[in-house]
Number of protein chains: 2
Amino acid sequence: MTDWQVIPGGLTAPLGYKAAGIAAGLKPSGAPDLALIWSEVEAIAAGVFTTSVVRAACVDYCRERLEAKASARAILCNAGQANAGTGEQGWANAVESARLLGEATGIDPNSVLLASTGVIGQQIVMDKLRPGIPKLVAAASQNGSDDAAKAIVTTDLVTKSIALETTIDGRPVRIGGISKGSGMIHPNMATMLAFVTCDAMVSSSLWQEMLKRAADRSFNQITVDGDTSTNDALIALANGQSRTPAITEMGPAAEKLEGMLTAVCQHLAKAIARDGEGATCLLECQVSGAASDKDARQIAKTIVGSSLVKSAIFGRDPNWGRIAGAAGRAGVLFDQNNLRIQLGDFLLMENGQPLEFDRAAASEYMKQAAASTYLKDDTVLISVGIGNGSGSGIAWGCDLSYDYVRINAEYTT
Amino acid sequence: MTDWQVIPGGLTAPLGYKAAGIAAGLKPSGAPDLALIWSEVEAIAAGVFTTSVVRAACVDYCRERLEAKASARAILCNAGQANAGTGEQGWANAVESARLLGEATGIDPNSVLLASTGVIGQQIVMDKLRPGIPKLVAAASQNGSDDAAKAIVTTDLVTKSIALETTIDGRPVRIGGISKGSGMIHPNMATMLAFVTCDAMVSSSLWQEMLKRAADRSFNQITVDGDTSTNDALIALANGQSRTPAITEMGPAAEKLEGMLTAVCQHLAKAIARDGEGATCLLECQVSGAASDKDARQIAKTIVGSSLVKSAIFGRDPNWGRIAGAAGRAGVLFDQNNLRIQLGDFLLMENGQPLEFDRAAASEYMKQAAASTYLKDDTVLISVGIGNGSGSGIAWGCDLSYDYVRINAEYTT
């Protein structure tokens with residue numbers, strides 16, 4: 001099926017990238033909070049950002065930069081303060097951050113992209129950021145991906161990283177990525193960030209197209225609590241250092257690259273869903289038989305986002321009525337007499353009619369998933385058919401546990 | 001402002017109605033589970049039903065009846081089994097239920113409307129329903145509203161009922177109503193039902209229009225967990241027994257009637273939100289300055305439906321960043337520099353800039369609300385301004401507590 005392999009190295013597995021992560025003192029905890037991704041040459045850059053009209057300054061900044069030119073040399077990310085809802089001062093701090101990184105690296109500040117995650121409404125602690133940036137630049141290395149992955153998390157339980165390699169025209173091409181999100185033990189934190197590096201040579205318009213499609217099949221298909229962040233950002237660089245032929249239109253090489261890009265994004269997205277606040281298992285919903293892929297994805301995302309479905313999974317309850325209910329309210333027309341619902345290997349409903357099944361065994365299936373290790377056999381799979389259409393789609397989420405409420409309610413004002 | 005008053009009697013406060021509620025044995029608990037609303041003459045009937053494509057048989061049945069003729073004599077409601085996801089047998093049971101009530105009352109079965117609430121995928125226990133119906137009819141009386149209100153609940157903590165009276169053309173006109181919903185201690189239960197009686201004389205098309213608008217400003221503006229039920233139904237009867245002049249077009253009398261109808265619906269809707277699973281307080285969000293009422297309602301509903309906002313309210317945390325975040329992702333365009341957020345009397349953000357405020361006092365405001373008695377001073381009020389438009393809207397919800405998860409996860413398969 002796939003003709004790529006997992007390799008070590010994360011963000012710096014592709015040629016021509018350095019990365020770093022340090023503790024600059026932005027987080028009160030003293031944990032790493034400043035990350036750098038640095039390409040040795042100007043790289044094609046594409047981004048997908050939050051659709052919220054309440055946006056962080058860094059999101060507006062990246063949009064403005066990428067409209068002016070579709071390339072970049074570096075991404076600077078701080079954790080601790082989201083720089084959202086921060087007004088004019090927030091914008092000024094974003095501009096200064098890019099300028100400071102430019103000074104420390106010799107990069108044109110217009111080639112610096114920015115990301116922030118942390119408490120909404122708090123300004124970046126510039127007194128800590130200013131002395132931190134030269135230290136960050138000094139720490140940058142070809143082994144720095146793990147440090148960067150650690151420095152972008154807020155209260156994630158694990159870091160998320162991957163690198164894949166394939167060959168194009170006989171030469172290796174690599175894509176690496178890191179992401180953070182969804183562990184929100186400290187309140188106010190709610191951001192999905194993902195950074196992807198690639199050493200292929202690809203045109204900027206094609207790279208942006210590929211990234212948009214990959215995001216629609218990965219990050220846009222995960223949900224933990226339905227709350228879109230003010231800071232969500234996916235930024236992908238492609239610096240051409242693989243020295244493979246330029247990819248400028250769709251074709252076998254482009255399809256291979258997009259397939260690998262989608263795989264990287266799906267890995268990072270699933271890792272976020274699995275690390276959702278309080279989650280005990282990964283929830284995957286596959287929908288088929290829809291009129292279009294878009295319809296199928298919408299139903300899948302509605303099901304994994306349903307509080308009632310999520311609570312039932314946490315209770316290890318094969319409660320197919322809630323799955324049917326969520327499918328029905330997803331905003332996609334279908335004939336309920338065609339509805340088919342399967343949980344793991346257990347067929348629960350077919351042709352809109354309830355079926356007899358072994359409830360205890362179906363519950364045990366979910367218990368096993370929750371007891372399994374991280375991202376391995378820990379998936380509760382819901383398969384839903386709604387008709388005879390050719391549209392299909394997948395979405396990922398997690399169960400809703402007591403810990404979700406605890407994490408998001410416990411706060412001493 | 002309002003020229004109506006609260007009166008006792010609920011559903012049977014309007015002239016010409018009887019009601020009843022009995023325990024027919026449909027619920028394993030033995031609690032009341034069969035309700036009847038019965039007009040002495042054929043009444044104009046209007047309904048608003050779930051938009052889900054996965055619907056209960058009773059919903060399809062009512063739609064079919066009301067398309068054939070916009071009037072009815074009786075509403076039969078069972079609790080315990082939702083008769084949704086029940087296929088052909090479910091439809092046959094619905095038809096038989098209407099026929100049985102017709103036989104017991106002498107009413108044309110085509111004038112019987114149906115509602116069900118309970119476990120999705122379970123057939124109505126017809127062996128209990130059949131002997132129950134004659135008993136239900138025998139119990140019907142002009143004092144039966146409370147019994148009916150008790151028999152339609154599933155695991156609601158309280159019953160919901162109201163009656164209002166005004167004068168039209170010098171004569172009293174009354175609207176009564178009962179509703180149920182949102183307490184889901186027994187899983188699989190998730191239905192909003194509301195029944196409204198009125199003794200005004202009103203044309204069927206106008207009554208349906210009024211009911212649709214009232215629903216948009218009440219039941220369609222509440223959310224507990226975002227999961228639309230397969231069985232949601234609001235049915236309103238108007239039997240003309242007030243002997244007031246026929247209302248056939250909008251004008252002062254119609255506006256008065258619609259205002260009172262909206263007030264009844266809002267009371268019943270807020271009572272459902274307040275009784276949401278695990279709720280400790282009612283959450284009300286008022287949005288103003290939008291381009292349209294629809295836009296304002298959409299933002300308000302997104303805010304009260306946000307899991308992060310709901311968790312923060314449970315934690316008594318004046319976390320305005322989450323409110324801003326939810327407003328931003330509501331799908332309505334606005335300039336974030338116009339955003340204004342107020343919690344009770346505390347102004348938290350203005351012109352898109354964070355303000356200093358007394359966090360401890362704001363937290364105390366929420367604590368007080370949660371400690372207050374049912375539907376009196378128990379409201380946490382969030383006011384949001386997004387610009388200078390004339391559109392405004394309100395939505396109601398509740399906080400998200402540990403008990404929500406407990407209620408929806410605890411289940412022994």
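Please read these numbers as outputs of a predicted model, since none were measured by experiment. In what follows, chains are A, B, ... by sequence order, proteins preceding strands, each numbered from 1.
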Show me the donor-acceptor pairs, under 3.5 Å and distance only, between side chains in residues 79-86 of chain A and residues at least two apart or in other chains.
| from | atom 1 | to | atom 2 | distance (Å) |
| --- | --- | --- | --- | --- |
| Gln81(A) | OE1 | Val125(A) | N | 3.3 |
| Gln81(A) | NE2 | Leu26(A) | O | 2.8 |
| Asn83(A) | OD1 | Thr86(A) | OG1 | 2.7 |
| Asn83(A) | ND2 | Gly90(A) | O | 3.1 |
| Thr86(A) | OG1 | Asn83(A) | O | 3.3 |

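Side-chain atoms of Arg322(B) and Ser307(B) form no donor-acceptor pair, as typed in the model, at a separation below 3.5 Å.
Proximity to chain A is limited to the side chain of Leu339(B), based on heavy atoms less than 4.5 angstrom apart.
Using a 4.5 Å heavy-atom cutoff, the side chains of Thr117(A) and Thr154(A) are in contact.
Judged by distance alone, with hydrogens and angles left aside, the side-chain atoms of Lys310(B) form a donor-acceptor pair with the main-chain N or O of Cys398(B) at under 3.5 Å.
Residues from residues 348-356 of chain A that place a non-hydrogen atom less than 4.5 Å from a non-hydrogen atom of chain B comprise Met349(A), Gly352(A), Gln353(A), Pro354(A), given in numerical order.
Residues meeting the ring-ring contact (aromatic ring centres under 6.0 Å, His included) test with Tyr61(A), sequence neighbours left out: Trp91(A).
Residue pairs meeting the salt bridge (charged side-chain N to carboxylate O under 4.0 Å, His left out) criterion with at least one member in residues 50-63 of chain A, sequence neighbours excluded, are Arg55(A)-Asp60(A).
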